[in-house]
Amino acid sequence: MKKTLFGIIILGLIASALVSFNSCSCGRNKAEVEMDDSTKLALEMERRLREEPEFEFVTSHGKMTIRLYGKTPLHRDNFAKLAAEGYYDGMRFHRVIEGFMIQGGDPYSRDTSMINSWGTGGPDYTIPAEFVSDYRHKKGAIAAARKGDMANPKKASSGSQFYIVQDEEGCSHLDGQYTVFGEVIDGLEVIDRIAAVATDRYDRPYEDVMIVSVKRIGLPEPVEQKESDDTTAAE
């Protein structure tokens, strides 16, 4: 009888503990658990945006959203830093080739009196090449321009100039030769609109194709980075 009574008491205590555990989840109510899950999601989103930041890229021919890659941190951080400074705002796409790519990022392109120097400007440094086999010249890929191999055997990238792939087949031969460091994730049609503009024999658009602004989405602060040397274009 005593054993039976003792067993009933133990079962009651276990049942009570289970009810208590389920109702408060070890001292945390349901709202607190959900808040923790929401916090985890927010932290994961922040981590992703730090590793692969996104930018609203506004042009005179429409808006694009771009994402920079985490496996090319030197190029990612340099672009983020320049964008935060407003470096790209007001520049032109100075070289446009339909069936190939569109190129920008030259500060000289703000000044029409320097048109013969477009494609040679940039900050006073280059960025070491960061070739990643996963990143190829697909449509919308963003890659760094650079000087040719004779003057630049290490294939170091321009400090600011970049190009955006319009045609994958036309650019596939550039894989492993120019650093691909990001991609357009929304607004691919803008690339086609820009690529379709009329150009002169130097591939310069007759009409102004402007980079209005490049603004980071979500997280404002870039990571600083700097190197040393020169600039210019994809060949």
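Using a distance-only test at 3.5 Å, with no hydrogens or angles considered, no donor-acceptor pair links the side chain of N78 to the main chain of I127. Checking side-chain atoms of N152 against main-chain N and O of A156 turns up a donor-acceptor pair under 3.5 Å. Judged by distance alone, with hydrogens and angles left aside, the side-chain atoms of E98 form no donor-acceptor pair with the main-chain N or O of A196 at under 3.5 Å.
Nearest heavy atoms, D106 versus S117: OD2-O, 3.8 Å. Nearest heavy-atom pair across S157 and H75 is OG-NE2, 2.8 Å. Closest non-hydrogen pair, S160 versus P107, comes out as OG-CD, 4.2 Å. Minimum heavy-atom separation, P123 to Y87: CD-OH, 3.3 Å. The heavy-atom pair separating A141 from R136 by the smallest distance is CB-O, 3.5 Å. Between V96 and P205, the shortest heavy-atom distance links the atoms CG2-CG, 3.6 Å.
In the model, D175 has a side-chain atom that pairs as donor or acceptor with a side-chain atom of H137 under 3.5 Å. Residues Q103 and Q161 bring a donor and an acceptor atom of their side chains to less than 3.5 Å of each other. K155 and Q177 are linked by a side-chain donor-acceptor pair at a separation below 3.5 angstrom, with hydrogens and angles left out of the test.
When hydrophobic clusters are built by joining Ile, Leu, Val, Met, Phe, Trp and Tyr residues whose side-chain heavy atoms come closer than 4.5 Å, directly or via intermediates, I164 is not grouped with V58. By the criterion of side-chain heavy atoms lying less than 4.5 angstrom apart, applied directly or through intervening Ile, Leu, Val, Met, Phe, Trp or Tyr residues, I142 is not grouped with V212; the two fall into different hydrophobic clusters. Linking Ile, Leu, Val, Met, Phe, Trp and Tyr whenever their side-chain heavy atoms come within less than 4.5 Å puts I97 and L174 in one cluster. No path of Ile, Leu, Val, Met, Phe, Trp and Tyr side chains, each step under 4.5 Å between heavy atoms, connects Y135 with L68, placing them in separate hydrophobic clusters. Under a hydrophobic clustering in which Ile, Leu, Val, Met, Phe, Trp and Tyr are joined whenever their side-chain heavy atoms come within less than 4.5 Å, directly or via other members, I115 and M210 fall into different clusters.
In this structure, E169 places its CD atom where only 12 or fewer heavy-atom neighbours from other residues, nucleotides or ligands lie under 6.0 Å away. Around atom OH of Y202, no more than 12 heavy atoms belonging to other residues, nucleotides or ligands sit under 6.0 Å away. The environment of K139 atom NZ is dense: over 12 non-hydrogen atoms of other residues, nucleotides or ligands sit within 6.0 angstrom. Crowding of Y108 atom OH: a count of heavy atoms from other residues, nucleotides or ligands under 6.0 Å not exceeding 12.
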Report task. Show your working on salt bridge (charged side-chain N to carboxylate O under 4.0 Å, His left out) between R92 and D208 and close with a plain yes or no. Result -> CA-CA 7 Å; R92 291 173 171 83; D208 289 336; 2.9 Å; yes
Query - side chain to side chain contact (heavy atoms under 4.5 Å, CB included) assessment of I102 paired with I191 - result: CA-CA 7 Å; I102 61 176; I191 305 171; 4.1 Å; yes
Report task. Might you work through the salt bridge (charged side-chain N to carboxylate O under 4.0 Å, His left out) test for D89 and K215, ending with a clear yes or no? Result -> CA-CA 9 Å; D89 301 357; K215 303 295 183 187; 3.5 Å; yes
**Report entry** Step-by-step side chain to side chain contact (heavy atoms under 4.5 Å, CB included) determination, F100 to Y163
**Finding:** CA-CA 10 Å; F100 188 37; Y163 60 95; over 6 Å; no
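Here the side chains of R76 and P53 are in contact, with some heavy-atom distance below 4.5 Å. Counting heavy atoms from C-beta on, the side chains of M101 and Q166 never come closer than 4.5 Å. Considering only heavy atoms from C-beta on, D200 comes within 4.5 Å of Y206 through its side chain. A 4.5 Å side-chain heavy-atom check between T59 and V209 finds every atom pair outside the cut-off. Residues V190 and K63 fail the side-chain proximity criterion, which asks for heavy atoms closer than 4.5 Å.
Ring geometry, F57 versus F93: the interplanar angle falls from 30° to 60°, so the pair is classed tilted.
Considering OG of S60 and CD1 of I211, their distance stands at 9.5 Å, rounded to 0.5 Å. Rounded to the nearest 0.5 angstrom, E52 CD and K71 NZ are separated by 9.0 Å.
Close placement of the F79 and Y88 rings is indicated, their centers lying within 6.0 Å of each other.
The side chain to side chain contact (heavy atoms under 4.5 Å, CB included) search around N116 returns R204, not counting sequence neighbours.
Screening E189, R193, E207 for a side-chain hydrogen bond (donor to acceptor under 3.5 Å, both in side chains) involving H61 leaves a single residue, E207.
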Run the side-chain donor-acceptor check on residues 179-188: report pairs under 3.5 Å with partners two or more places apart or on a different chain.
{"from": "T179", "atom 1": "OG1", "to": "E130", "atom 2": "N", "distance (Å)": "3.0"}
{"from": "E183", "atom 1": "OE1", "to": "K138", "atom 2": "NZ", "distance (Å)": "3.1"}
{"from": "E183", "atom 1": "OE2", "to": "Y69", "atom 2": "OH", "distance (Å)": "2.8"}
{"from": "E183", "atom 1": "OE2", "to": "K138", "atom 2": "NZ", "distance (Å)": "3.4"}

